[in-house]
Amino acid sequence: MAFRFENHETPIDGLRRIASERLEQAISAAGIRPRPSPDDVHEIRKELKSLRALLQLARGHLVKATRGQENVVLRDAGRTLSGSRDAAALLEALEKLFGTQEHPKGEALHPIGAQIIGRIRQQLQSEAARSLTHRELRTVSEMLSSMRTRIPDWVFATGVIQRGSMLLAAGLEHTYRRGRQHYRIVETIGMENATDELWHEIRKQAKALGYQLRLLRKIWPSALHAWIDALDEVSDGLGDDHDFALIQQRILQLPFETTDTEQQVNGRQALLRTIDRRRQRLKLFSLNRARMIYVEKPARFVERLSVYWELWRDGGRTGAPRKRTAAGPHPDEVGHKQSPTGNGPALSRARGTTGAAGREQTANLKSRV
């Protein structure tokens, strides 16, 4: 089944099912013979990140000891796989910045720039060529297989007070709150003063929230897809920024040769400035998207999704039609102003914006749905 909750199952059954399915996918990919490709390794790591987001969503429902134990397993498995994949990701980042060896662009069109980029590319190609050993792959498979056998024994808390009616609300609010806190720090201190670590935290929480909303997307697909798209833009943009920062470090760490001329030193500085400009654009774009995502207070955000969840669950239990008819509005539309596209509640209202500015923000975000 897909990476999402279904309204014919309880949240606990859904958590167990989704975890089992994702682990099975990762274990199968790790067992590909003669060995997984770089793309296979990338897919395994995505599965591990989605599972960590699932555990985070279960915060307040899955007991802390169980959640902590399984999170460590997923973290360590991801680290085992990270080496060769990280080098491949940096090669892709280098291509985005300066093109390929056959089709260079930007500073790579100049002889000095091409020489420096060639040295970085050679480093990364050598690292990417190191395949995961059979021992490493076996270790990952064993860790994930052991976790899969423990799923039926996961212990869930009872009597936990939840906000609204959605049993997964505590975890969702925690993820949203952490992302919002990091974003607001950047707004307070200024984009130019934010560290790479702070931007990386914003990216991690945006990615986690994106996975969690994918799990819930059936409660109102058109509305949640807009949020998911915006979160993907933040995590992808800041992911590129992170990779570009690592490329900058590589350039800075290249040893100077005694034969280097002033032109060669200036060429290195020109490459660093080019990357800086790209990074600034990515950060500005991601910050603007984050403003739209995190404008709501966490409690309000979760309360609203809890209502959607309950309406969706009620519709599944009663067999109520999910399409709008001439007799009246869709059950999910009651009490909400409609967006100009008719795809869901106007995000301007949900986020506390009004007038032309709110409508413009809504249109910009929902245009990608």
What distance do [X] atom [atom1] and [Y] atom [atom2] have between them, rounded to the nearest 0.5 Å?
X	Y	atom1	atom2	answer
I275	Q280	CD1	CD	13.0 Å
I117	H110	CD1	NE2	10.0 Å
R289	D236	CZ	CG	12.0 Å
L132	T139	CG	OG1	10.5 Å
E127	L91	CD	CG	8.5 Å
I12	F156	CD1	CZ	5.0 Å

For the residue pair [X] and [Y], what are the closest heavy atoms and their distance?
X	Y	value
A206	V234	CB-CG1, 3.9 Å
L137	P36	CD1-CD, 3.5 Å
I44	A29	CG1-CB, 3.5 Å
L224	L216	CD2-O, 3.4 Å
A88	A128	N-CB, 4.2 Å
E173	P298	CG-CB, 3.9 Å

Any side-chain heavy-atom pair of [X] and [Y] under 4.5 Å:
X	Y	answer
Q115	Q264	yes
R119	P255	yes
Q69	M147	no
I228	H225	yes
V186	W199	yes
E95	E92	no
L144	L74	yes
D240	F244	yes

Spell out, yes or no, whether [X] and [Y] are grouped together once hydrophobic residues are joined by side-chain heavy atoms under 4.5 Å, including indirect joins.
X	Y	answer
I18	I219	yes
L55	V155	no
L284	I185	yes
I27	I32	no
L81	V73	yes

Keeping the roles fixed (side chain from [X], backbone from [Y]), state whether a donor-acceptor pair exists under 3.5 Å.
X	Y	result
T66	L62	no
S50	E47	yes
R203	L238	no
R16	I151	yes
K105	K96	yes
R67	Q56	no
D40	S37	yes
R268	L254	yes
N193	I189	yes
S145	E142	no

Is the shortest distance from a Lys or Arg side-chain nitrogen in [X] or [Y] to a carboxylate oxygen in the other one below 4.0 Å?
X	Y	value
D86	R45	yes
R184	E187	no
D232	R214	yes

#### Entry: Residue from H182, Q181, K207 passing side-chain contact (heavy atoms from CB on, under 4.5 Å) with I202
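Testing each of H182, Q181, K207 against I202, the sole residue satisfying side-chain contact (heavy atoms from CB on, under 4.5 Å) is H182.
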
Counting only heavy atoms not in [X], do more than 12 fall under 6.0 Å of its [atom1]?
X	atom1	answer
Q125	CD	yes
Q263	CD	no
Q122	CD	no

### Message
Can you see whether T80 engages E136 through a side-chain donor-acceptor pair at a distance of less than 3.5 angstrom?
### Response
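There is no such pair between these side chains.
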
### Task
Report the C-alpha distance between T274 and L271 in whole Å, list the side-chain angles of each, state the deciding distance to 0.1 Å, and finish with yes or no for side-chain contact (heavy atoms from CB on, under 4.5 Å).
CA-CA 5 Å; T274 295; L271 288 172; 5.7 Å; no

### Task
Decide side-chain hydrogen bond (donor to acceptor under 3.5 Å, both in side chains) for R180 and Q205; before the verdict, give the C-alpha distance in whole Å, the side-chain angles of both, and the deciding distance to 0.1 Å.
CA-CA 9 Å; R180 189 172 188 264; Q205 296 307 320; over 6 Å; no

Relative to the ring of [Y], is the ring of [X] parallel (under 30°), tilted (30 to 60°) or perpendicular (over 60°)?
X	Y	value
Y176	F301	parallel
H242	H200	parallel
F3	Y211	perpendicular

### Task
Begin with the C-alpha distance, continue with both residues' side-chain angles, and end with the deciding distance and a verdict on side-chain contact (heavy atoms from CB on, under 4.5 Å) for L57 and F5.
CA-CA 12 Å; L57 184 62; F5 288 101; 3.9 Å; yes

### Task
Not counting sequence neighbours, which residues clear side chain to side chain donor-acceptor pair (under 3.5 Å) with E70? List them please.
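Residues passing side chain to side chain donor-acceptor pair (under 3.5 Å) with E70: R150, W154.
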
### Task
Under the side chain to side chain donor-acceptor pair (under 3.5 Å) rule, collect the residues that match up with K283, sequence neighbours excluded.
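Listed in chain order: nothing, the list is empty.
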
### Task
Apply side-chain contact (heavy atoms from CB on, under 4.5 Å) to the pair Q25 and E43, showing each step before the final yes or no.
CA-CA 9 Å; Q25 293 279 0; E43 289 303 314; over 6 Å; no

### Query
For E6, which of R313, R17, K218 qualifies under salt bridge (charged side-chain N to carboxylate O under 4.0 Å, His left out)?
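Between E6 and the candidates, salt bridge (charged side-chain N to carboxylate O under 4.0 Å, His left out) is satisfied uniquely by K218.
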
### Query
What's the verdict on side-chain contact (heavy atoms from CB on, under 4.5 Å) for Q212 and L209, showing C-alpha distance, side-chain angles and the deciding distance?
CA-CA 5 Å; Q212 291 174 358; L209 185 59; 4.2 Å; yes

